[in-house]
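Each chain gets a letter, A, B and so on, in the order the sequences are listed, and its residues count up from 1.
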Amino acid sequence: MPTTVSKDFRLTESHIRQEDVVQLVTPAGARVANPTFDPWVDDVGADQLASFYEDMVLVRRIDTEATALQRQGELGLWPPLLGQEAAQIGSARALRSDDFAFTSYREHAVAWCRGVALPDLLRMWRGTAASGWNPYDVNVAAPAIIIGAQTLHATGYALGCRKDGVDTVAIAYFGDGATSEGDVNEAMVFAASFQAPVVFFCENNQWAISEPVGVQARNHIADRAPGFGIPSLRVDGNDVLAVHAATRVALERARSGGGPTFIEAVTYRMGPHTTSDDPTRYRDPDELATWQGRDPIARIGLLLEGLDVDVEALDRAVNAKADETARALRAGCVALAAPEPLSVFDNVFTGPHSWLDRQRSQYAAYLAQFDEEA
Amino acid sequence: MPTTVSKDFRLTESHIRQEDVVQLVTPAGARVANPTFDPWVDDVGADQLASFYEDMVLVRRIDTEATALQRQGELGLWPPLLGQEAAQIGSARALRSDDFAFTSYREHAVAWCRGVALPDLLRMWRGTAASGWNPYDVNVAAPAIIIGAQTLHATGYALGCRKDGVDTVAIAYFGDGATSEGDVNEAMVFAASFQAPVVFFCENNQWAISEPVGVQARNHIADRAPGFGIPSLRVDGNDVLAVHAATRVALERARSGGGPTFIEAVTYRMGPHTTSDDPTRYRDPDELATWQGRDPIARIGLLLEGLDVDVEALDRAVNAKADETARALRAGCVALAAPEPLSVFDNVFTGPHSWLDRQRSQYAAYLAQFDEEA
Amino acid sequence: MLQTTTRQLTLAQAINSALRRALQDDDKVLLLGEDIGKLGGVFRVTDGLQADFGSDRVMDAPLAESGIIGTAVGLAYRGYRTVCEIQFDGFIYPGFDQIVAQVAKLHYRTQGAVKMPITLRVPFGGGIGAVEHHSESPEAYFAHTAGLRVVSPSNPQDAHTMLRAAIASDDPVLFFEPKRRYWAKGPVDEDAPGDIEHAAVVTAGTDVTLVTYGALVGVARDAAAAAAEDGVSIEVIDLRSLSPIDFDTVERSVRKTGRLVISHEAQQFAGLGAEIAASVTERCFDYLDHAPVRVTGFDTPYPPSALEEYFLPDLDRMLDGVDRALRKPNSLTDWTANA
Amino acid sequence: MLQTTTRQLTLAQAINSALRRALQDDDKVLLLGEDIGKLGGVFRVTDGLQADFGSDRVMDAPLAESGIIGTAVGLAYRGYRTVCEIQFDGFIYPGFDQIVAQVAKLHYRTQGAVKMPITLRVPFGGGIGAVEHHSESPEAYFAHTAGLRVVSPSNPQDAHTMLRAAIASDDPVLFFEPKRRYWAKGPVDEDAPGDIEHAAVVTAGTDVTLVTYGALVGVARDAAAAAAEDGVSIEVIDLRSLSPIDFDTVERSVRKTGRLVISHEAQQFAGLGAEIAASVTERCFDYLDHAPVRVTGFDTPYPPSALEEYFLPDLDRMLDGVDRALRKPNSLTDWTANA
Ligand SMILES: Cc1ncc(C[n+]2csc(CCOP(=O)(O)OP(=O)(O)O)c2C)c(N)n1
Ligand SMILES: Cc1ncc(C[n+]2csc(CCOP(=O)(O)OP(=O)(O)O)c2C)c(N)n1
Ligand SMILES: [Mg+2]
Ligand SMILES: [Mg+2]
């Protein structure tokens, strides 16, 4: 992998053309030569591919288990990532541990790759906490449910990194629908203006709940960034290797003072928007079938086979791990207990607050009444 | 002028390149042949050019007089359009009377071309009314001071025109600074999504108060629209003929179902941001000098001379008209009286309102007290 | 003459049928929002409307709230009456500027020339176990904004009648739908007259006036029933209109009871309860036996769902408030006495 | 030991010197806003700061308020303390979502892990003859939002001291600057201690408590002087902190006077005056001789400047409010009696 982005490496118009969507591995598992991007993954051998594969299988299992936990009433809601494993893992695995990710609600695999503990993935969905982890422990911000808001946070964080004189990079994850929000566009304006070391990583999973991407954009999503002065790449989001290469390029550009880059990972939301959603109301089942043929996990399996890896053995090991992970997830989930009532007042402010402290005391007195009665 | 935009007429990449900024008249007054745009102004003869010239001179005089009125305490504020006459008149004169303009605060010349009465131009700046005219009398909306908000209004209005099955077009005027606001980007998203017959007309006057356009955008402003699926044009905003041609193209595209078009009129704010501003704090005087050499009025004078028009005679006639206009403006201004106190409660709602009506009555009783005392 | 028919509908269905009638009766009525087309909205409130009225009138919007509302402003300029759906309460804020600076003010800013007959439908409030930003009660922001009407129905009949009145109104209306009551059924007469001005006395009583709105009306009714068993007579008032507030109705009640309890899910500080307490005190000072009592959400962000039962006013907290208004000794008596 | 020096500064200069000190004392402090660099802001409040601290610390932002505030959130994640300038009150609304959903809530949403020490400076209020959107008083929106502190100084000393305390606070602070007082001079001791918690008794009095803040403090002081000539003793309280409110100070005064008048420029309905009236009534019901009286802007959009003298509470309207609190017959007595 190159350590610098050569001066000659320019993200050209062709990178953002449909025809030129970056793909290094076909759905059939064949490795496609690409002189521009191959050098960026020349260090990615069979072992690392196998570990991507493992991560993808594990998060898919986590996802399935979480969906089951929701169905069983253990979670209030779950937004499945099914189908987007490659986009999330290919990119997150390219990050350095000091890089900082600002995600939306669906990036469970990003959180996983960053080291978020299993039950922490579920806290906010179980409703026992507003968010699952301390952002500074894993360098992943609290997930943003307000669509697009996090892109500005990533830009601000990146600006801070520049001021600190470090080569840490911020990456913002968001969806195709998010690109319509003012905030995402303002983030591009600010990132370009301040040349902030930020990567805009758009998972275009073709849908924003029930709205196909065509409602948001008539062009490719990746076409938008260049007008803001931000180079962009369109990449096969179901190809973990291509995503990995593209993210490395973008990160390296940012680290070396090249400013922001925009990546559109073309992928597909194979499941419902969330466990509350019913895609049969709006989605043609054939479309799903087409995309199932482009499954991100299957193709790496085939690629590994082509590389003479014993995929059956790998599968056995990985599936065992997945079973264990699912068990741990479930156990962790049901163990997540509701916090005590008065904690509702915690962390509104960083210190004393005359109004809120009084309200808290009043409520404590009110609650104590019941204890007395009992 | 073509009555339809031919299928072959495509706004190509080259239209949005600096080199290719559309210019039909040079600063020296020479007519530049342009096979693409010439047909769109082939009906614009010396008479019409003279009338553009007249409008430009008149609005410049109006502008100067309003500035003087502000200095003399007759207006609270005035945002001069000095230097932007061609951009505003070239575009506004291309509109049909049923087209609807959504402007910001600086488009006095647009209002003028649409037939806004003289004192009405000043009402909001004198503070005797929140806005100067009934939008439906002249098909110009209340000026938007909240930067960029009007671009969405234009998009909605245009969508309404489409629903009505008419070929009326909405045009949104806004500045270079405005392009950073989320609303302007959302307007492009909505206009593209609904293929609304709207023209986005950006007067890039190089400054947003004290911030040069480089703070907002590293690329040309016109580069942004194509990424949203909206063709764009970059036009010499100080060339009234080029602006006129470009606006006609955009209007015709909209009328014939071609959807939105974005025009960047490259111009210059020769004066301060408003009468409260002091550009010497942030602006190099040489820059102003350069742009004075590109004055939009001077070049049409030279062009007319080249067309054997007696410009001296024209100037005499136009200046006399301008003197008269300035007098009328001043007289109209000082005659604008403050409305009666209780009108502060008018038009908050369209009918009765229990709370506000009571408040109004209370205040009336309060005021009546002073009458009794007197 | 049309025959009056009363049907059992859920609150969501009652809104659906109001939208349907509005679309039928006035071809200037449009619906605009995220996922309101084929999906019928995340709560299915617009179910079937796009199929029946076409995607020209029931429009899926790009994902941008400022865009939705700003587009509705432009449509209003052109004579359309757009009913916008904001998917959840917590997603209205990106559109705040268009609401406060444009929708609320344009009639005033144009000296009455331009009308803004826009209805913003907002599912609001908690109690459904949702994640953050999905359980908010932002009504006070809009009630504090001059030029807007703010209303909230508590039952299917009002939801139907008030929504139709809101759409027909030439003023902009924020229409807050109590989302945890979407599935509650009730009789709906689609031809019943109605307005968006008047409060309703839900339960008559003589000892204490309990004012609330939206989802809490049901809770207040239960509280009144419980109190009745203890011999306390609560008059429950459903405000329905939150701006303006029908103070005549509230005042009439308080002059009778001398005691007022106000309950809402929204945060207390500078919330609507403060306005009601202040206005009623102004109007009925000499009739009040006790300061108005507020029973509200806490001044914290809406908490994670495991804590929402504490945040939300419930029957016990309402009755505790009633006790305080009656100066009955209770846990908080100390607070009100020596605070 | 530092020598304490007191200088005569305008309120704008006092803020400028507070920003300068904050930039000097803590290199994590940044300024971000439109036109705050070379221009020094449209009110020259940041005059000279970019020249002295560089454009890396005093940053001209692209023209987008949500962008400014959202960027500050990201900087806060990274440990920076950003002071954002919002050019005028009426331009804060495009940033409302970032303020309400992010700035206010992120400390809570991350269980205390992330701090948001952001200060949003907002010139606010009317009386300068400006065009629309330039004279608003949006403080109640933020006071109603859990997780934010809201403050407003009325004089140069407080402006200096409170701004430094706001920047030093780990909580997000909305800092409302009374723009029509920018040019008012007063003594400033830059080393004076201070906080953003406490109200100040500006004029001691015994008959009526008059609570206000920002630009109206000067008006209230004049009203007190005028009333004194008529033998009415008004105690004027400058709130300084609008959320939370120092109710202990207000309560102490009202227990003494038994009468309360509240004045603000903002619209009345669901404004801060309602909260003050409600809270004081809760705390001092048995001490009140009259319902709290509100003297505020009307519930209209801010009017064109030719009408602002009517919209804005002035000395006469304040004294009229005092009369009402004293139950002296005046024009509005009827209203309060038989309404
Ligand atoms: C400001 C805001 N508006 C609306 C919503 C409701 N909402 C949640 S997810 C979603 C669709 C998002 O689509 P996309 O950005 O493509 O992300 P995806 O869900 O496909 O990952 C919407 C409309 C929201 N969360 N925030
Ligand atoms: C939302 C909003 N933010 C800030 C302002 C203050 N403001 C008024 S004009 C202006 C600059 C606008 O620049 P541009 O869009 O280029 O238009 P120009 O003034 O050059 O015509 C600013 C920042 C505003 N009016 N509205
Ligand atoms: Mg999507
Ligand atoms: Mg400009």
What's the verdict on side-chain contact (heavy atoms from CB on, under 4.5 Å) for Tyr105(B) and Val131(D), showing C-alpha distance, side-chain angles and the deciding distance? CA-CA 10 Å; Tyr105(B) 41 82; Val131(D) 290; over 6 Å; no
Residue Ala178(B) versus chain D: region with a heavy atom under 4.5 Å: backbone
Under 4.5 Å heavy-atom distance to chain B, tell me which part of Ala61(D) shows up: side chain, backbone, both or neither. backbone
May I ask you to name which of Val348(B), Val184(B), Thr179(B) has the most heavy-atom pairs under 4.5 Å with chain D? Val348(B)
Criterion side-chain contact (heavy atoms from CB on, under 4.5 Å) on Tyr282(B) and Asp35(D), from CA distance to verdict: CA-CA 10 Å; Tyr282(B) 54 80; Asp35(D) 303 294; over 6 Å; no
Toward chain D, the part of Arg123(B) with a non-hydrogen atom under 4.5 Å: neither
Give me the atom names and distance for the closest heavy-atom approach of His133(D) to Ile145(B). CD2-CB, 3.8 Å
Nearest 0.5 angstrom please: Tyr93(D) OH to Ile146(B) CD1, how far? 8.5 Å
Per-residue contact mode, Ala129(B) against chain D (heavy atom under 4.5 angstrom): backbone
For the residue pair Phe91(D) and Ile147(B), establish whether any side-chain heavy-atom pair is separated by less than 4.5 Å. no
For Tyr310(D) and Leu342(B), indicate whether the former's side chain and the latter's backbone hold a donor-acceptor pair under 3.5 Å. no
What residues of residues 95-104 of chain D sit under 4.5 Å from chain B when only non-hydrogen atoms are counted? none
Side chain from CB out, backbone as N, CA, C, O: work out which of these in Gln267(D) comes under 4.5 Å of a heavy atom of chain B, or both, or neither. neither
Could you work out, with side-chain hydrogen bond (donor to acceptor under 3.5 Å, both in side chains) as the rule, every residue matching Tyr268(B), not counting sequence neighbours? Arg283(B), Glu287(B)
Give, as side chain, backbone, both or neither, the part of Asp60(D) having an atom under 4.5 angstrom from any heavy atom of chain B. both
Any chance you could measure Gln362(B), atom CD, to Asp320(D), atom CG, to the nearest 0.5 Å? 10.0 Å
Using non-hydrogen atoms and a limit below 4.5 Å, what part of residues 207-217 of chain B faces chain D? Ala208(B), Ile209(B), Ser210(B), Glu211(B), Val215(B), Gln216(B)
Thinking salt bridges, do Asp278(B) and Arg44(D) make one under a 4.0 Å N-O criterion? no
In residues 297-309 of chain D, which residues are in contact with chain B at a heavy-atom separation under 4.5 Å? Phe298(D), Asp299(D), Thr300(D), Pro301(D), Pro303(D), Pro304(D), Ser305(D), Ala306(D), Leu307(D)
If you tally heavy-atom pairs under 4.5 Å against chain B, which of His134(D), Gln268(D), Arg317(D), Glu65(D) wins? Arg317(D)
Does CZ in Arg181(D) sit with more than 12 non-hydrogen atoms of other residues, nucleotides or ligands closer than 6.0 Å? no
Which portion of Pro143(B) sits near chain D, non-hydrogen atoms under 4.5 angstrom: backbone
